[in-house]
Amino acid sequence: MQNVLEVENLSFGYTKEKLLYEGLSFSLKKGELKAIVGESGAGKSTLFELILGNLKPHKGSLHVSPKISQIFQDPYSSFHPSYTLLNQIKDVASIKNIEYYLEAMKLEYALLEQLPHQLSGGQLQRASIVRAMLMKPDLLLLDEPTSALDNVIQLDVMKMLMHHLGEMGMLLITHDVHLASWCSDEIITI
């Protein structure tokens with residue numbers, strides 16, 4: 001399988017005196033799920049900003065597949081407040097298989113015709129997962145993707161994501177070490 005992400009000898013910090021990581025290296029292939037775990041403030045979300053190209057490393061390199069999608073921890077920040085969810089999904093993806101993902105996420109199609117603030121946090125999080133999956137990425141970045149969901153829905157979401165693992169590589173940020181141990185091929189502690 002091909003690498004969808006290569007992180008080589010990465011060093012970064014918001015100040016030169018205090019680096020979040022130094023010499024961080026790992027790769028991710030299609031079919032792999034790797035988990036990033038660490039204390040709050042350790043740089044887990046910052047790593048995603050580096051992968052997305054929003055920040056530049058001090059040293060090292062990142063090679064990232066151009067087909068990338070992300071599920072944010074805060075679903076309200078991932079949708080524009082004044083457009084329906086359906087329009088925002090159509091802006092970035094084909095809705096050809098939307099019914100499959102809606103059923104997997106236990107969402108009604110009618111919910112997508114609403115504005116983000118009209119949905120609960122859990123519904124909005126599941127809608128963001130639907131959008132990310134419809135984008136058919138090679139690399140899917142998951143930033144605490146189940147934090148807004150109850151335990152039963154969390155398990156369903158993770159099972160659905162893992163069912164599609166052969167189509168992409170997934171990098172998961174989580175504070176939940178049990179979840180990371182259960183679903184990941186490797187745990188990277190930062």
Side-chain angles (χ1 to χ4, degrees), residues 1-12 20-21 23-38 42-57 59-75 77-79 88-98 100-101 104-105 124-149 154 157-176 179-190:
M1 289 278 187
Q2 68 191 42
N3 282 345
V4 294
L5 174 64
E6 292 177 29
V7 176
E8 298 173 2
N9 200 30
L10 185 71
S11 295
F12 180 83
L20 291 171
Y21 9 83
L24 178 64
S25 296
F26 66 92
S27 64
L28 182 70
K29 293 177 172 30
K30 277 189 176 185
E32 288 184 319
L33 189 155
K34 293 189 178 181
I36 306 291
V37 297
K44 297 181 301 294
S45 295
T46 299
L47 179 59
F48 277 15
E49 293 297 319
L50 286 156
I51 292 168
L52 292 166
N54 298 331
L55 295 171
K56 299 294 177 214
K59 288 195 302 189
S61 64
L62 294 128
H63 303 284
V64 184
S65 168
K67 287 182 66 180
I68 186 170
S69 187
Q70 180 175 8
I71 299 169
F72 297 90
Q73 181 175 3
D74 174 17
S77 66
S78 65
F79 288 100
Q88 293 182 64
I89 291 170
K90 285 180 177 178
D91 281 349
V92 296
S94 164
I95 62 167
K96 182 179 170 192
N97 296 321
I98 197 165
Y100 165 80
Y101 291 109
M105 294 294 99
L124 200 56
Q125 184 72 330
R126 288 178 282 149
S128 72
I129 292 167
V130 169
R131 178 179 59 184
M133 295 302 290
L134 286 170
M135 291 173 72
K136 302 291 184 208
D138 292 325
L139 172 60
L140 181 58
L141 303 177
L142 305 156
D143 190 351
E144 298 280 0
T146 60
S147 62
L149 307 174
Q154 283 181 8
V157 167
M158 290 309 300
K159 283 180 176 177
M160 186 278 295
L161 289 170
M162 292 176 71
H163 178 74
H164 292 279
L165 195 54
E167 302 162 22
M168 63 193 78
M170 297 182 194
L171 192 59
L172 169 70
I173 288 176
T174 184
H175 289 97
D176 187 340
L179 174 66
S181 297
W182 173 73
C183 69
S184 65
D185 296 298
E186 179 182 351
I187 296 175
I188 301 163
T189 304
I190 58 173

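Two residues are said to be in side-chain contact when any heavy atoms from C-beta on lie closer than 4.5 Å; Leu20 and Leu47 fail this criterion. Taking 4.5 Å as the limit, every side-chain heavy atom of Tyr101 sits out of range of all side-chain heavy atoms of Arg131. In this structure, the side chains of Ile68 and Pro137 stay at 4.5 Å or more apart for every pair of heavy atoms. Annotation: side chain of Met133 is not in contact with side chain of Tyr100 (no heavy-atom distance under 4.5 Å). Contact annotation: the side chain of Ile173 never approaches that of Gln73 to less than 4.5 Å [non-hydrogen atoms, C-beta and beyond]. Here the side chains of Leu161 and Leu172 are not in contact, with every heavy-atom distance at 4.5 Å or above. A 4.5 Å side-chain heavy-atom check between Leu141 and Leu52 finds at least one atom pair inside the cut-off. By the 4.5 Å heavy-atom criterion applied to side chains, Thr174 and Glu144 are counted as neighbours.
Distance alone, capped at 3.5 Å, places no donor-acceptor pair between the Glu167 side chain and the Lys136 backbone. Counting only distance, with no hydrogens or angles, the side chain of Ser25 and the backbone of Asn9 share a donor-acceptor pair below 3.5 Å. Between the side chain of Gln125 and the backbone N or O of Pro145, at least one donor-acceptor pair lies under 3.5 Å. Remark: side-chain polar atoms of Lys44 are paired, donor with acceptor, to backbone N or O of Gly38 under 3.5 angstrom.
The shortest non-hydrogen separation linking Asn3 to Ser27 is ND2-CB, 3.9 Å. In plain terms, the two heavy atoms of Ser69 and Met135 that are nearest each other are OG-SD, 3.4 Å. When all heavy atoms are compared, the tightest approach of Ser78 to Phe72 is CB-CD1, 3.3 Å. Contact between Cys183 and Met158 at its shortest, heavy atoms only, is SG-CE, 3.8 Å. Scanning both residues, Asp185 and Gly31, for their nearest heavy atoms gives OD2-O, 4.0 Å. A pairwise comparison of heavy atoms in Ala132 and Ile71 identifies CB-CG1, 3.6 Å as the closest pair.
The CD atom of Glu186 sits 9.5 Å away from atom OG1 of Thr189, with the distance rounded to the nearest 0.5 Å. Between Ser11 atom OG and Leu50 atom CG the span is 10.5 Å, to the nearest 0.5 Å. Ile190 contributes atom CD1, which lies 5.0 Å from atom OH of Tyr21 (distance to the nearest 0.5 angstrom). Summarising the geometry, atom OG belonging to Ser147 is positioned 11.5 Å from atom CG belonging to Leu142; distances are rounded to the nearest 0.5 Å. Between the OG atom in Ser184 and the CE atom in Met170 there is a gap of 12.5 Å [rounded to 0.5 Å]. Here Leu134 contributes atom CG and Ile89 contributes atom CD1; the two are 6.5 Å apart, rounded to the nearest 0.5 Å.
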* Please test Phe12 against Leu24 for side-chain contact (heavy atoms from CB on, under 4.5 Å), starting from the C-alpha separation and ending with a verdict. => CA-CA 9 Å; Phe12 180 83; Leu24 178 64; over 6 Å; no
* To do: Apply the test side-chain contact (heavy atoms from CB on, under 4.5 Å) to residues Asp176 and Thr146: give CA-CA distance (whole Å), side-chain angles for both, the deciding distance (0.1 Å), then the verdict.
  => CA-CA 10 Å; Asp176 187 340; Thr146 60; over 6 Å; no
* To do: Test Ile129 against Met160 for side-chain contact (heavy atoms from CB on, under 4.5 Å), laying out the working first.
  => CA-CA 10 Å; Ile129 292 167; Met160 186 278 295; 3.8 Å; yes
* To do: Could you walk me through whether Glu8 and His63 pass the side-chain contact (heavy atoms from CB on, under 4.5 Å) test, one step at a time?
  => CA-CA 9 Å; Glu8 298 173 2; His63 303 284; 4.0 Å; yes
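Checking Leu28, Val64, Leu171, Leu62 one by one against Val7, the side-chain contact (heavy atoms from CB on, under 4.5 Å) holds for a single residue, Leu62.
A 6.0 Å sphere centred on NZ of Lys59 holds no more than 12 heavy atoms belonging to other residues, nucleotides or ligands.
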